[in-house]
Amino acid sequence: MNKLSTPWPAVISRLLATIVGSGAIGWLLGSITLGMLAGTLCYLAWNLSNQARLERWLREGRKLEPPASRGLWGDIFNGIHRLQKRQRKRRKRLTRILQGVRETINAMPDGAVILRENGEIQWWNGAARELLGLRWPNDEGQRIANLFRHPEFSVFIREHHTSASSITVPSPVNEDLTLEVRVIPYGLNQRLLLARDITRLHRLERMRRDFVANISHELRTPLTVIHGLSETLSDTVLHDVPQAARPLEMIEQQTQRMQRLVEDLLMLSRLEIEQKPIDQTVVDVPRVLQLLVEEAKALSGDKQHRIVGHVEPDLCVYGDESELRSAFSNLVFNAVKYTPAGGRIDVYWGREGGRARFAVSDTGIGIPSHHLPRLTERFYRVDGGRSARTGGTGLGLAIVKHVLSRYGIRLQIRSELGQGSTFSCSFPEDLTVRRPDQGRTVSSASN
Ligand code: ADP
């Protein structure tokens with residue numbers, strides 16, 4: 001803190017000296033009171049004139065040098081001047097920082113738009129001008145939803161956002177550009193909209209999907225032919241050439257394996273390409289699971305698993321039956337494949353806290369915990385040899401994950417090596433529906 005160079009005792013003694021001095025002059029002239037009054041009035045007039053100079057100085061421009069004055073008023077003028085200089089310096093520094101931040105954001109290849117609470121545009125960078133077509137000054141203060149009229153974007157901008165949520169939409173200025181748009185809340189109800197050009201990535205992704213779908217489709221016919229031929233050969237040649245039995249059996253096994261692989265790849269491609277909303281058809285999950293339990297028993301065959309269904313018979317969901325069937329069957333059949341003979345498999349379907357929960361538990365070989373995070377990746381296998389022996393394609397759990405993600409839900413996996421595994425998921429309440437014609441709440445099927 002700056003100290004006044006004129007200390008208060010000196011100020012007070014100067015005031016007293018003025019009053020006493022003017023009193024003495026008054027005494028010489030015949031009236032002490034009038035003399036003191038005149039002295040006080042002079043002191044007041046001096047103060048008033050300094051106040052007027054201060055007011056004029058502050059009003060007329062703070063860049064001017066302070067008025068020259070001595071004593072207390074000189075200290076006040078100099079003190080204010082020092083504060084002003086310091087503030088000016090600080091403002092300059094802040095302006096430089098702000099300018100630097102703006103230039104950095106402007107140099108970003110991603111579009112950045114600062115939105116006020118109600119979605120009004122406050123500021124945007126150069127890339128946003130290119131990608132979103134924002135024009136200065138016309139678009140300042142406009143609502144972003146009024147300028148960027150895309151149905152998905154309109155819904156997205158109204159939602160509550162986390163930095164992880166994003167949508168992929170075409171650019172409003174160029175349909176050929178694909179943008180990934182994110183909205184990040186910050187500060188006091190402000191939002192930062194980021195738009196990134198992902199056209200190349202999107203094109204590559206589409207090419208990859210189309211390639212896999214096409215090649216799988218193309219492989220279907222030759223595989224069917226090979227399968228048919230190997231069957232014909234088995235029927236005709238085996239009689240004359242019995243040593244061809246083993247090679248023919250292997251051809252058939254491998255062809256069937258490739259056919260399963262092609263079917264799974266096609267299913268995955270369909271799930272990726274079709275991005276359609278969930279059907280409003282009611283899926284009779286209890287019936288689907290009853291059939292699955294029967295099929296699982298047939299698959300178990302000599303392994304004599306004990307397969308038990310615990311199914312709430314009136315609990316259905318809105319969705320696509322063939323997709324859900326595929327997801328559930330992958331989980332149930334995996335339990336059969338990876339549970340040693342005589343083991344137990346439980347299939348659950350019931351309400352849990354308003355949601356509908358599906359779970360498959362087995363007493364099988366279990367999965368080491370470090371494999372769990374990657375288990376739903378395509379072709380990821382814990383034990384490649386065992387999976388191949390069980391006829392697995394390595395795509396089952398990837399299909400399950402994709403199907404469930406269409407319902408906005410995740411596959412949960414709990415497993416202990418040598419003890420068994422539980423694969424489960426739970427459907428939100430708004431997707432569940434009650435089937436009215438059922439009275440019982442629990443049905444079970446067992447071997
Ligand atoms: P696969 O066709 O090889 O079974 P999945 O995608 O269905 O492929 O499963 C991936 C891997 O997860 C399997 O190879 C297997 O190692 C493991 N796995 C899946 N389900 C189970 C289970 N119930 N018990 C033990 N391991 C399992």
Side-chain angles (χ1 to χ4, degrees), residues 212 216 219 223 253-272 288-289 292-293 295-301 303-310 322-349 357-406 409-426 447:
V212 174
S216 312
L219 280 172
L223 281 171
Q253 267 177 9
Q254 294 305 317
T255 324
Q256 277 175 3
R257 190 158 166 239
M258 281 183 75
Q259 279 179 320
R260 276 198 301 275
L261 192 65
V262 164
E263 291 308 320
D264 279 359
L265 279 172
L266 280 172
M267 173 85 186
L268 264 176
S269 304
R270 248 197 324 275
L271 286 169
E272 279 182 334
V288 170
L289 293 183
L292 272 182
V293 167
E295 285 174 33
K297 285 175 189 170
L299 184 69
S300 165
K303 284 166 96 184
Q304 290 287 311
H305 294 116
R306 188 166 146 70
I307 305 173
V308 186
H310 313 261
S322 75
E323 282 178 9
L324 286 177
R325 191 180 188 292
S326 166
F328 294 156
S329 65
N330 271 309
L331 295 176
V332 175
F333 297 162
N334 270 354
V336 175
K337 285 191 303 191
Y338 299 107
T339 300
R344 184 184 164 109
I345 293 159
D346 290 283
V347 178
Y348 299 94
W349 174 248
R357 180 169 183 266
F358 169 82
V360 187
S361 275
D362 62 53
T363 56
I365 57 171
I367 305 157
S369 57
H370 64 275
H371 286 291
L372 295 182
R374 299 193 56 194
L375 213 57
T376 53
E377 285 175 22
R378 283 155 210 229
F379 299 113
Y380 189 85
R381 289 162 170 134
V382 176
D383 174 350
R386 180 187 281 268
S387 172
R389 276 198 303 283
T390 57
T393 60
L395 294 171
L397 293 182
I399 291 177
V400 175
K401 182 181 140 182
H402 262 82
V403 170
L404 296 185
S405 73
R406 303 227 312 112
I409 56 181
R410 287 167 54 134
L411 176 67
Q412 279 164 351
I413 310 170
R414 276 191 295 122
S415 189
E416 215 171 303
L417 198 59
Q419 300 295 311
S421 317
T422 300
F423 290 75
S424 65
C425 60
S426 91
N447 249 0

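Ligands are counted one by one from 1 in listed order, and the atoms in each one are counted from 1 as well. Just so it is clear, the model here is predicted, and its values are computed rather than measured.
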Side-chain donor or acceptor of D362 paired with backbone N/O of S421 under 3.5 Å: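 Flag set: sc D362 to bb S421 pair under 3.5 Å.
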T339 side-chain N/O to V336 backbone N/O, donor-acceptor pair under 3.5 Å: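 Here the side-chain-to-backbone pair does not exist.
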Do any nitrogen or oxygen atoms of [X] come within less than 3.5 Å of a nitrogen or oxygen of ligand 1?
X	answer
L397	yes
G396	yes
Y338	yes

Could you tell me, atom by atom, which parts of ligand 1 come under 4.0 Å of a heavy atom of [X]?
X	answer
T393	2 (O)
D362	22 (C), 23 (N)
R381	3 (O), 14 (O)
S421	24 (N)
Y380	10 (C), 11 (C)
L375	12 (O)

Structural part of K337 in contact with ligand 1, heavy atom criterion under 4.0 angstrom: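 K337 to ligand 1: side-chain contact only, backbone stays beyond 4.0 Å.
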Region of F423 engaging ligand 1 - heavy atom pairs below 4.0 Å: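 For F423, only side-chain atoms sit under 4.0 Å from ligand 1.
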Close approach of G394 to ligand 1, heavy atoms, under 4.0 angstrom: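 Contact check G394 vs ligand 1: positive.
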Test item, N330 contacting ligand 1 (heavy atom, 4.0 angstrom):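 Contact check N330 vs ligand 1: negative.
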pair F358-L331: side-chain heavy atoms closer than 4.5 Å: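 Yes. Closest side-chain heavy atoms under 4.5 Å.
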Any side-chain heavy-atom pair of L397 and N330 under 4.5 Å: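 Contact flag for L397/N330 side chains = no.
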CZ (R414) with more than 12 external heavy atoms under 6.0 Å: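 It does not: R414 CZ has 12 such atoms or fewer within range.
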Closest contact, heavy atoms only, [X] versus [Y]:
X	Y	value
A327	V400	O-CG2, 3.6 Å
A398	E377	CB-C, 4.4 Å
G309	V293	CA-CG2, 4.5 Å
Y380	L375	CD2-CA, 3.9 Å

